[in-house]
Amino acid sequence: MNLTLKIWRQKNADAKGGIEAYDAPDISPDMSFLEMLDVVNERLIDKGQEPVAFDHDCREGICGMCSLVINGIPHGKEKGTTTCQLHMRKFKDGETVTIEPYRAGAFPIVRDLVTDRGAYDRIIAAGGFISVATGGAQDANALPIPKVDAELAMDAAACIGCGACAAACKNASAMLFVAAKVSQLAHLPQGQPERKRRVLNMVAQMDKEGFGSCTNQYECEAVCPKEISVRVIAEMNRDYLCATLVGAE
Amino acid sequence: MKLDSKIPTGPIDKAWDKHRFEMKLVNPANKRKFTVLVVGSGLAGAAAAASLAELGYKVHCFAFQDSPRRAHSIAAQGGINAAKNYQNDGDSIWRLFYDTVKGGDYRAREGNVYRLAQVSANIIDQCVAAGVPFAREYGGQLSNRSFGGAQVSRTFYARGQTGQQLLLGAYSGLERQIGLGNVIMHNRSEMLDLVLVGGHARGIVTRDLVSGKVQSWAGDAVCLATGGYGNAFFLSTNAQGCNVTATWRAHKRGALFANPCFTQIHPTCIPVSGDHQSKLTLMSESLRNDGRIWVPKSKADVGKDPRQIPEDARDYYLERKYPSFGNLVPRDVASRNAKMVCDEGRGVGPGGLGVYLDFSDAIKRLGENVIRERYGNLFEMYERITDENPYQVPMRIYPAIHYSMGGLWVDYNLMSNVPGLHVLGEANFSDHGANRLGASALMQGLADGYFVIPYTIGNYLATAKQPKVTTDAPEFKAAEAEVNARVQKLLNVKGKRSPTSFHKELGKLLWDKCGMARNAEGLQKALEQIPRIREEFWKNVNVLGDGESYNVSLEKAGRVADFLEFGELMCRDALHRNESCGGHFREEYQTEDGEALRNDEEFRYVAAWEYTGNLGAPTLHKEPLEFDNVHLATRNYQ
Ligand SMILES: Cc1cc2nc3c(=O)[nH]c(=O)nc-3n(C[C@H](O)[C@H](O)[C@H](O)COP(=O)(O)OP(=O)(O)OC[C@H]3O[C@@H](n4cnc5c(N)ncnc54)[C@H](O)[C@@H]3O)c2cc1C
Ligand code: FES
């Protein structure tokens with residue numbers, strides 16, 4: 001198939017960026033989206049032009065490194081799919097495809113389609129953990145966890161931290177990401193001692209990073225490649241309210 | 001050079017306890033005076049960095065991704081082994097030890113493997129305490145599944161995302177230490193050299209991938225946890241960024257590279273679909289619990305719709321040849337058998353390079369819902385890639401490069417022959433011999449990071465008594481100058497071919513000559529060709545852009561340049577080892593039924609290669625392997 005690509009090019013964080021058009025002829029429908037970009041890049045190099053920079057690593061939909069806003073939607077329009085798992089057979093011959101980086105103030109552009117998502121790490125550092133030092137843990141089966149709780153925790157833990165939720169949100173809110181971690185740990189007995197402190201600290205850091213607030217638009221859920229449910233946001237709001245009322249301890 | 005493995009003397013089951021007691025400690029107040037540089041934030045690196053920081057050491061951690069959470073460990077699907085015997089099915093530390101030594105085809109060090117089996121149980125406790133949501137039974141107890149090479153159920157899992165959940169557990173501990181200021185994290189930062197001062201590893205040189213800045217870091221010890229080198233083959237199940245650069249540069253500074261030819265081919269991957277292929281996707285080995293592997297008995301049937309091929313025209317070759325392990329034989333055996341049936345012309349799918357993995361019996365027996373619950377995400381992934389629905393049509397699978405058993409040589413303390421340089425996780429050679437059993441890499445990474453290095457590094461720091469150094473030392477300046485010069489050299493070639501085109505060329509050569517089956521003639525050819533590709537690379541590679549910005553071509557070119565050197569050592573190692581064992585199958589050495597034929601008389605050793613300044617003439621050092629506890633035998637999975 002033959003495509004026209006409109007790709008955001010930007011030399012570095014301070015440079016001015018813009019959309020450039022490229023022809024992408026002879027694309028196989030069996031290619032993944034990133035393999036298509038590989039082919040485009042190889043052709044650019046052969047013509048003496050610098051390749052398009054984009055983030056990727058596992059190419060299996062699990063590391064959360066790939067991003068891209070494809071035709072206006074983070075990770076493209078196929079539901080529950082990361083960019084690296086999107087295949088060209090989902091596009092039409094002759095189509096024009098626009099590829100842009102995430103747009104959110106808290107994710108500054110590094111180059112072309114690459115953004116800096118360090119804000120998500122800092123939110124985890126603020127409280128997205130259980131304070132347990134290495135060694136000295138009790139036998140794992142000494143703490144039975146009902147299957148339903150383990151499953152609910154796992155549903156939330158599936159988050160890959162890709163940033164699509166904030167990129168899709170018109171307020172650039174990171175609520176789905178933050179709530180997924182809060183919910184995971186809130187469903188586990190091990191997470192209880194720090195439950196209130198965790199939600200307060202993580203939300204405080206989220207605000208500090210400049211993410212917007214949630215106005216229940218649910219674009220985040222729609223684009224989440226792991227289909228994390230907005231139920232986690234409701235759960236977090238409850239925990240947050242409770243923690244602000246009674247304090248962290 | 002005499003290689004001293006430092007295995008404690010005495011009974012193997014008391015060795016680690018005894019060693020822990022005998023090792024010197026660093027007193028708590030002194031720990032903060034020591035800086036440890038941890039390169040890598042996968043299971044091994046993240047666990048080590050967090051644990052060392054908790055103990056009070058100052059830690060710097062480096063990774064080339066934009067976040068420590070994205071290390072390649074995240075991609076592991078199937079599970080992690082531990083000798084918990086929760087199923088009461090006869091498991092024990094001894095059995096896990098035995099299975100691992102046997103699975104590794106008697107090319108691993110007994111002492112290390114025993115310790116691995118011992119600490120395996122602590123790993124599960126630690127991970128649960130950190131909030132890892134492992135699968136549970138209705139009674140709230142942990143659930144287990146079985147994996148290849150074992151007859152007990154000892155694999156713990158979190159749906160098909162075990163690596164993700166374990167890494168996120170270790171990562172959250174690491175982030176906590178980062179938040180507390182005890183670890184300084186350097187993302188998008190690539191280690192390009194190791195710095196020795198007075199013969200000890202005292203620092204590294206990195207390049208900031210965003211700004212291009214080349215910079216040195218000094219410390220009291222260095223831990224490399226930089227993962228495996230499977231990407232030397234271009235196509236593998238590894239993440240795109242996996243590389244040999246960190247370990248290779250350490251090798252060129254004196255660290256011995258052990259058993260580089262021991263690479264693992266995973267039997268259940270999605271077959272190649274075309275030239276554009278950038279990676280191969282693994283389908284978890286756990287699928288072999290319920291899926292049955294077959295090809296048509298007759299060549300005439302290979303093009304037919306598999307559903308139309310009647311039962312008696314199918315060859316369930318693993319069940320036929322290995323009735324007691326059936327589809328759960330170890331990876332090397334399963335891979336080689338797939339190659340054999342395809343070589344006979346009975347392979348299916350494009351190019352005849354595939355075998356069926358069929359779930360129709362399991363669906364009949366258990367119902368589609370049970371299968372969906374067990375493997376739903378894997379089935380979806382398969383369908384997304386191939387556009388075929390595995391609930392209806394059997395999957396097609398083919399082996400692919402997956403894991404590197406070889407790596408930098410380390411002793412029992414996980415220290416290389418370069419004092420102060422420690423190597424953890426897949427980057428070292430230590431525990432899996434010539435073949436790794438499924439679900440044992442995650443176990444080893446976390447064992448090294450959580451439960452071994454925190455003890456052994458203290459002993460090193462307490463006894464090494466090295467003076468403090470800073471990055472002003474001439475050794476650092478010299479290494480930085482070399483790194484800068486190399487970057488410039490890459491940019492100055494201004495040739496005609498992209499770095500990727502060289503990578504593909506090397507990968508294809510290695511796969512053909514040093515892949516699932518090897519022979520002397522092919523390896524010799526590869527040894528002639530690799531230096532030629534390397535020469536052309538340095539004359540004709542085209543790296544656009546500059547060194548002072550985020551430059552993906554430059555990053556890639558540097559890694560390919562190292563693979564081009566490393567690939568030669570891999571072939572040389574494969575050529576010198578005149579036997580077949582585990583993942584190393586030399587066609588000249590096989591039994592009448594095509595099984596690997598070991599030569600314990602001559603090759604019961606670790607081959608550790610020393611860089612001599614001449615890539616064509618490394619020096620071989622041998623560490624003999626003693627088997628006092630597991631009886632040397634021919635592996636038999638029949
Ligand atoms: C698809 C797949 C599935 C798997 N499934 C399983 C499974 O079910 N069970 C199991 O036990 N094992 C499995 N494995 C194997 C296992 O995942 C790996 O062996 C293991 O995770 C390696 O961990 P590690 O910490 O050693 O290295 P990695 O996780 O590879 O981490 C390497 C780290 O080093 C950093 N790094 C590398 N080079 C440099 C450099 N030059 N400079 C700076 N930083 C650098 C990277 O940024 C990264 O942080 C699987 C592997 C694959 C590919
Ligand atoms: S590249 Fe890892 S999720 Fe897409």
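A note on names: the letters A, B, ... follow the listed sequences, proteins ahead of strands, and every chain is numbered from 1.
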Q: Would you check, one step at a time, whether the test side chain to side chain contact (heavy atoms under 4.5 Å, CB included) holds for B:Q65 with A:C63?
A: CA-CA 10 Å; B:Q65 290 93 348; A:C63 73; over 6 Å; no
Has [X] got more than 12 heavy atoms of other residues, nucleotides or ligands less than 6.0 Å from its [atom1]?
X: A:Y22; atom1: OH; answer: yes
X: B:E373; atom1: CD; answer: no
X: A:D93; atom1: CG; answer: yes

What distance do [X] atom [atom1] and [Y] atom [atom2] have between them, rounded to the nearest 0.5 Å?
X: A:D116; Y: B:S67; atom1: CG; atom2: OG; value: 10.5 Å
X: B:R384; Y: A:Q85; atom1: CZ; atom2: CD; value: 4.5 Å
X: A:D55; Y: B:Y550; atom1: CG; atom2: OH; value: 5.0 Å
X: B:D275; Y: A:S28; atom1: CG; atom2: OG; value: 10.0 Å

Pairwise side-chain contact, [X] with [Y], heavy-atom cut-off 4.5 Å (strictly under):
X: B:L168; Y: A:F129; answer: no
X: B:R136; Y: A:E151; answer: no
X: B:Q141; Y: A:P144; answer: yes
X: B:Q165; Y: A:M154; answer: yes
X: B:E380; Y: A:T81; answer: no

**Q.** Closest non-hydrogen atom pair, B:D125 against A:A140
**A.**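 Looks like OD1-N, 2.8 Å.
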Q: Work out which heavy atom in A:C159 is nearest to a heavy atom in B:Q164; give both atom names and the distance.
A: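 It is O-NE2, 3.2 Å.
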Does any N or O in the side chain of [X] come within less than 3.5 Å of the main-chain N or O of [Y], such that one atom is a donor and the other an acceptor?
X: A:D57; Y: B:G241; value: yes
X: B:E137; Y: A:K147; value: no
X: B:E54; Y: A:T134; value: yes
X: A:Q138; Y: B:A129; value: no
X: B:K279; Y: A:R59; value: no
X: A:N141; Y: B:L142; value: yes
X: B:Q126; Y: A:G135; value: yes

What residue, out of [options], has the most heavy-atom pairs lying under 4.5 Å from chain A?
options: B:Q277, B:K494, B:R188; answer: B:R188
options: B:L544, B:N551, B:I124; answer: B:L544
options: B:F134, B:F156, B:Y138, B:F64; answer: B:Y138
options: B:A158, B:G131, B:C127; answer: B:G131
options: B:M185, B:R497, B:H72, B:Q161; answer: B:Q161
options: B:S51, B:A47, B:C242; answer: B:S51

Q) With A:T83, which residues qualify under side chain to side chain donor-acceptor pair (under 3.5 Å), at least two apart? A)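 A:T83: side chain to side chain donor-acceptor pair (under 3.5 Å) contacts with A:H75.
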Among [options], which residue forms the greatest number of heavy-atom pairs with chain B at distances under 4.5 Å?
options: A:A13, A:G64, A:P29; answer: A:G64
options: A:G136, A:A158, A:G118; answer: A:A158
options: A:S32, A:A157, A:A53; answer: A:A157
options: A:V52, A:V114, A:D46; answer: A:V114
options: A:L86, A:N41, A:I160, A:L188; answer: A:I160
options: A:G161, A:G191, A:P51; answer: A:G161

Sort [X] into side chain, backbone, both or neither according to what part of it lies under 4.5 angstrom from a heavy atom of chain A.
X: B:I385; answer: both
X: B:Q177; answer: neither
X: B:Y86; answer: side chain
X: B:N231; answer: neither
X: B:T386; answer: backbone
X: B:L280; answer: backbone
X: B:D387; answer: both

Q: May I have the step-by-step check of side chain to side chain contact (heavy atoms under 4.5 Å, CB included) for A:E50 and B:V552, ending in yes or no?
A: CA-CA 9 Å; A:E50 281 192 61; B:V552 280; over 6 Å; no
**Q.** Intermediate values then yes/no, side chain to side chain contact (heavy atoms under 4.5 Å, CB included), A:D38 and B:T500
**A.** CA-CA 9 Å; A:D38 289 342; B:T500 303; over 6 Å; no
Just by distance, with hydrogens left out, do [X] and [Y] show a side-chain donor and acceptor under 3.5 Å apart?
X: A:S131; Y: B:R176; result: yes
X: A:N12; Y: B:S549; result: no
X: A:D121; Y: B:Y171; result: yes
X: B:S278; Y: A:E35; result: yes
X: A:E42; Y: B:S501; result: no

Less than 4.5 Å to any heavy atom of chain B: does that hold for the side chain of [X], its backbone, both, or neither?
X: A:K11; result: side chain
X: A:V132; result: both
X: A:T82; result: neither

Q | Within residues 67-77 of chain B or reaching into it, pairs that qualify as salt bridge (charged side-chain N to carboxylate O under 4.0 Å, His left out) - sequence neighbours excluded | A |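 Residue pairs passing salt bridge (charged side-chain N to carboxylate O under 4.0 Å, His left out), neighbours aside: B:D66-B:R70.
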Q: Just do the salt bridge (charged side-chain N to carboxylate O under 4.0 Å, His left out) check on A:D155 and B:R159 with the steps written out, would you?
A: CA-CA 10 Å; A:D155 287 343; B:R159 295 196 190 145; 2.8 Å; yes
Q | Pair A:I45-B:S553, side chain to side chain contact (heavy atoms under 4.5 Å, CB included): steps then yes or no | A | CA-CA 9 Å; A:I45 294 176; B:S553 288; 4.0 Å; yes
**Q.** SB check A:D139 B:K84 (cutoff 4.0 Å)
**A.**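 Yes, charged N to carboxylate O under 4.0 Å.
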